[in-house]
A.B. asks: 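Quick one: the structure is below, and I'll ask about it shortly.
In this text the structure is predicted, and so the values were computed from the model without any measurement.
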Amino acid sequence: RWVLNLQCRGSRNFLSALRRAVEVDFKDKDKHKSQGLYLLTTGIPDQETHTVSAYAAEVCRGFDLRLHVCLFSVAEDVGSKRIMPARYANPAETAIAFKEIVQAANGRFHWFGEAGIFESDDISLIVSEVEKANNYSQK
């Protein structure tokens, strides 16, 4: 069930969006079999990573849900109309921050860009399973 679409122009106020999702859209959590949130983003949250991680961990335990992140690295827009976010990090720093947040929220992390997939927990798991199967077949 897709419950929420928050767009923040010039902002990545992750804590506000997460708070809204769990306080408004998950109040009837007993009616749903699955509870998961997917954050689709192109950059780091406005708030510090340790603050977001702590809040995500607390909320996800309280609602028995998981937070998954899909990070899309896009080419920088150098146009004059670009709005700079409150907090900036390069793509690698952003990925490290979201991995920490996802780990705290018992979710999965996926990082894509114009060149393809940089990192994906799901793909890593599949590759691991294929490697195990290959090792067993060789034995």
A.B. asks: With side chains defined as the heavy atoms from C-beta onward, is the minimum distance between Asn135 and Lys132 less than 4.5 Å?
C.D. replies: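 Asn135 does not reach Lys132 side chain to side chain.
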A.B. asks: Go through the steps for Phe72 and Leu40 under the test side chain to side chain contact (heavy atoms under 4.5 Å, CB included), then give the verdict.
C.D. replies: CA-CA 8 Å; Phe72 298 96; Leu40 309 175; 4.2 Å; yes
A.B. asks: Between Arg19 and Tyr55, is NZ or CZ placed under 6.0 angstrom from the six-membered ring centre and within 45° of the ring axis?
C.D. replies: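 Arg19 over Tyr55 ring: yes.
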A.B. asks: Using modelled atom types only, decide if a donor and an acceptor are shared between the side chain of Asn106 and the backbone of Arg66 within a distance under 3.5 Å.
C.D. replies: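 A pair under 3.5 Å: no.
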A.B. asks: Any chance you could lay out the side chain to side chain contact (heavy atoms under 4.5 Å, CB included) test for Asp122 and His110, step after step, and finish with the verdict?
C.D. replies: CA-CA 8 Å; Asp122 290 348; His110 310 285; 3.3 Å; yes
A.B. asks: Is there side-chain contact between Phe109 and His68, with heavy atoms separated by less than 4.5 Å?
C.D. replies: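 Side chain of Phe109 against side chain of His68, heavy atoms only: no contact under 4.5 Å found.
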A.B. asks: Hey, is CD on Gln103 packed in by over 12 heavy atoms from elsewhere, all under 6.0 Å?
C.D. replies: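 No, because the 6.0 Å sphere around CD of Gln103 holds 12 heavy atoms or fewer from other groups.
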A.B. asks: Does a side-chain heavy-atom distance below 4.5 Å link Thr49 with Ile101?
C.D. replies: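 Thr49 vs Ile101: side chains touch.
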A.B. asks: Do you know the tightest heavy-atom contact between Ala89 and Thr94?
C.D. replies: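 Nearest heavy atoms, Ala89 then Thr94: O-OG1, 3.4 Å.
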A.B. asks: Can you list every pair that meets salt bridge (Lys or Arg N to Asp or Glu O under 4.0 Å) and has a residue in residues 52-63, with sequence neighbours left out?
C.D. replies: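 Every pair satisfying salt bridge (Lys or Arg N to Asp or Glu O under 4.0 Å) with a residue in residues 52-63: there are none.
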A.B. asks: Of the non-hydrogen atoms in Ile117 and Ser120, which two are nearest, and what is the gap between them?
C.D. replies: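 The pair with the smallest heavy-atom distance is CG2-CB, 4.1 Å.
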A.B. asks: Would you say the side chain of Phe98 lies within less than 4.5 Å of the side chain of Leu39, judging by non-hydrogen atoms?
C.D. replies: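 Yes - at least one pair of side-chain heavy atoms lies under 4.5 Å apart.
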A.B. asks: Does the side chain of Phe112 come within less than 4.5 Å of Ser73's, by heavy atoms?
C.D. replies: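 With C-beta onward as the side chain, the pair stays apart.
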A.B. asks: Determine the minimum heavy-atom distance between Pro45 and Val52, stating which atoms define it.
C.D. replies: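 That closest heavy-atom pairing would be CB-CG2, 4.3 Å.
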A.B. asks: Is there a donor-acceptor contact under 3.5 Å from the side chain of Ser16 to the main chain of Asn13?
C.D. replies: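 Flag not set: sc Ser16 to bb Asn13 has no pair under 3.5 Å.
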